[in-house]
Number of protein chains: 2
Amino acid sequence: MTAHVFDIKGLKTSCQNCSLAELCLPLGLDQVDVDRLDEIVRRARPMNAGDHLFRTGDAFRSLYAVRAGSVKVYSLDADGEEQILGFHLPGELLGMDAISGKAHACSAKVLETTSVCEIPFERLQELSLRLPSLQSQLFRLLSQEIIHDEAMLLVLGKKPAEERLATFLLSLSERFHRRGFSATEFNLSMSRHDIGNYLGLAVETVSRLFRRFQDDGLLEVQRKHILITDLPRLRAMVHMCDHAEQGTAH
Amino acid sequence: MTAHVFDIKGLKTSCQNCSLAELCLPLGLDQVDVDRLDEIVRRARPMNAGDHLFRTGDAFRSLYAVRAGSVKVYSLDADGEEQILGFHLPGELLGMDAISGKAHACSAKVLETTSVCEIPFERLQELSLRLPSLQSQLFRLLSQEIIHDEAMLLVLGKKPAEERLATFLLSLSERFHRRGFSATEFNLSMSRHDIGNYLGLAVETVSRLFRRFQDDGLLEVQRKHILITDLPRLRAMVHMCDHAEQGTAH
DNA sequence: CCCCAGCGTTGACCTGAATCATTTCGGCAC
DNA sequence: GTGCCGAAATGATTCAGGTCAACGCTGGGG
């Protein structure tokens, strides 16, 4: 009986049985390889809203994968101004920007009750020397992070406020959808302030845009709860050729 | 005699003897490993201003390293609007954002007479399975690209025009310096239009800022020629804790 | 149950940078 | 030299979005 329970627990906490495997590191690995990966992954107890996964200056040791919940990653400039670099949903990897240094250059703060897997980078690197498909997947994930950031550069560099918020909402929509949730109804785990910060807009502007979108019949907004009522039109607002927001993204 | 000439040519075109090795892929590799890398690197004849290294949609096969000259990387959004993602100087790698896909999502255009090394990615990946230090260096370079883009997100998201241009000039200054050129005197290989596009500003604003900087005694500008006359003050304008613009950057 | 703090909303106003319209410059062909 | 063309500079005007200042929820603690 007890043994049985242990088995179930064992199953629950392996990459093998993780519903996020297709979005996360294990993508493209075969059974055996996933088992090897499994051996080095550490699964931590859930964290509470406001907890930090790591902070600027902390020694870099591991990458992290979100299992449930959400995480915001931000850096602080000289004046202590915060710039949010991304929001991470389940199945997304974070910490990759620290690989080239000894310490984290950003901080990662949990937005709600969240559990993450910790993947010691040294060991991951060793392992990926022996598992070509793992190495390959790592390269892909790093590259996707670059793609995401580049898409964001376009948004911040050229797009007006309206399109920024639309892009943001669509990104969330797609990502929720890919995780098996509704593409049209979800809760924002971040504050208006965070959204504004991320999109390079003032909080007030974000507020006004939510109202406008609602008035235009695109959304129904109730605080953190979002219902997209006209997805096609929201897409049309962004109409960019949709060079897909794929995996690791924010 | 002829043989001798061939020898010299051979030496000139190896990573081994490339003055950029310390900025480029070979960093951290020992002699033997560099030789292996050397075998897969293809050195192309110089290209002319305006030529494309690759375009959006081209099949992804290789990464490229700039040997001499400069390259601008840009993407086009739905409306055909160009967004410049970076400028690459000698020793910098480009094309890394295409790793996760089959095709390039951006285009790379040469700004002046430029020569590049082409590194077939398939072979690089195979090789890096056998050479831990190469794998490691690749991870580092990808990570640095992410760091660069994140730094740019801060600039575009929060900084006023003045600070954007200052940041840009300082980045160039540092990068030229690291390559053994003057940190205070250099030529811009890109147009005002490109600078504005990259920094999310109108051309006119860039023009006015150059004038203002000159009037303030920070610079002497003469078309493409820049002489920084007060580097400390330029740095002060940016004063961010300088979480260094390291390697691959733009 | 009520109070308070923090988030969110709303409105009035201001400003930095975009846009528009010329003009000037510098390189190049003839 | 002269004329031409694209890049750059400059000035006038406009406007998107920021800032400032109240105000209104709402949810947690006493």
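Every chain is numbered from 1 and lettered A, B, ... according to where its sequence line falls, protein lines coming before strand lines.
Distance A/N197 CG to C/dG8 C1': 16 Å, rounded to the nearest Å. A straight line from CD of A/E163 to P of D/dA16 spans 15 Å, rounded to a whole angstrom. One atom, NZ of B/K158, and another, P of D/dG17, lie 15 Å apart when rounded to the nearest Å. If you take CG of A/L111 and P of C/dC7, they are 13 Å apart, rounded to a whole angstrom. At whole-Å resolution of the value, CZ in A/R192 and P in D/dT26 are 12 Å apart. Separating the NE2 atom of A/H193 from the P atom of D/dT19 is a distance of 11 Å, rounded to the nearest angstrom. The CZ atom of A/R164 sits 14 Å away from the P atom of D/dA16 (whole-angstrom rounding). Computed from coordinates, the A/D194 CG to C/dG6 P distance equals 16 Å when rounded to whole Å.
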Worked verdict on A/L20 versus A/V66 for side chain to side chain contact (heavy atoms under 4.5 Å, CB included): CA-CA 9 Å; A/L20 299 164; A/V66 181; over 6 Å; no
Full working for side chain to side chain donor-acceptor pair (under 3.5 Å) between A/S75 and B/E150: CA-CA 9 Å; A/S75 67; B/E150 286 178 351; over 6 Å; no
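The end-to-end axis angle of the helix from C/dC1-D/dG30 to C/dC30-D/dG1, rounded to 10 degrees and based on five pairs per end, is 40°.
In this structure, A/T167 and A/M152 have side chains that are not in contact, with every pair of non-hydrogen atoms separated by 4.5 Å or more.
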Only distances under 3.5 Å count here; give the side-chain donor-acceptor pairs of residues 53-65 of chain A to other protein atoms, sequence neighbours excluded, each with its distance to 0.1 Å.
{"residue": "A/R55", "atom": "NH2", "partner": "A/H52", "partner atom": "ND1", "Å": "3.3"}
{"residue": "A/T56", "atom": "OG1", "partner": "A/S107", "partner atom": "OG", "Å": "3.1"}
{"residue": "A/D58", "atom": "OD2", "partner": "A/R55", "partner atom": "N", "Å": "2.8"}
{"residue": "A/S62", "atom": "OG", "partner": "A/E118", "partner atom": "OE2", "Å": "2.7"}

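In this structure, B/G200 reaches the sugar-phosphate backbone alone: every heavy-atom distance under 4.0 Å involves primed, P, OP1 or OP2 atoms, never a base.
Without hydrogens or angle criteria, A/R211 side chain to A/S207 main chain gives no donor-acceptor distance under 3.5 Å. B/S173 contributes a side-chain N or O that, together with a main-chain N or O of B/A183, makes up a donor-acceptor pair within less than 3.5 Å.
Under the rule for a ring-ring contact (aromatic ring centres under 6.0 Å, His included), the partners of A/F176 that lie at least two apart in sequence or sit in another chain are A/F186. Considering only residues two or more places apart in sequence or on other chains, A/N48 meets the side-chain hydrogen bond (donor to acceptor under 3.5 Å, both in side chains) condition with none of them.
For the segment residues 201-225 of chain A, the set of residues with a heavy atom within less than 4.0 Å of an atom of DNA chain C comprises A/E204, A/S207, A/R208, A/R211, A/R223, A/K224, in numerical order.
Applying the side-chain hydrogen bond (donor to acceptor under 3.5 Å, both in side chains) rule to pairs touching residues 222-233 of chain A yields A/E185-A/H225, A/D230-A/R233, sequence neighbours excluded.
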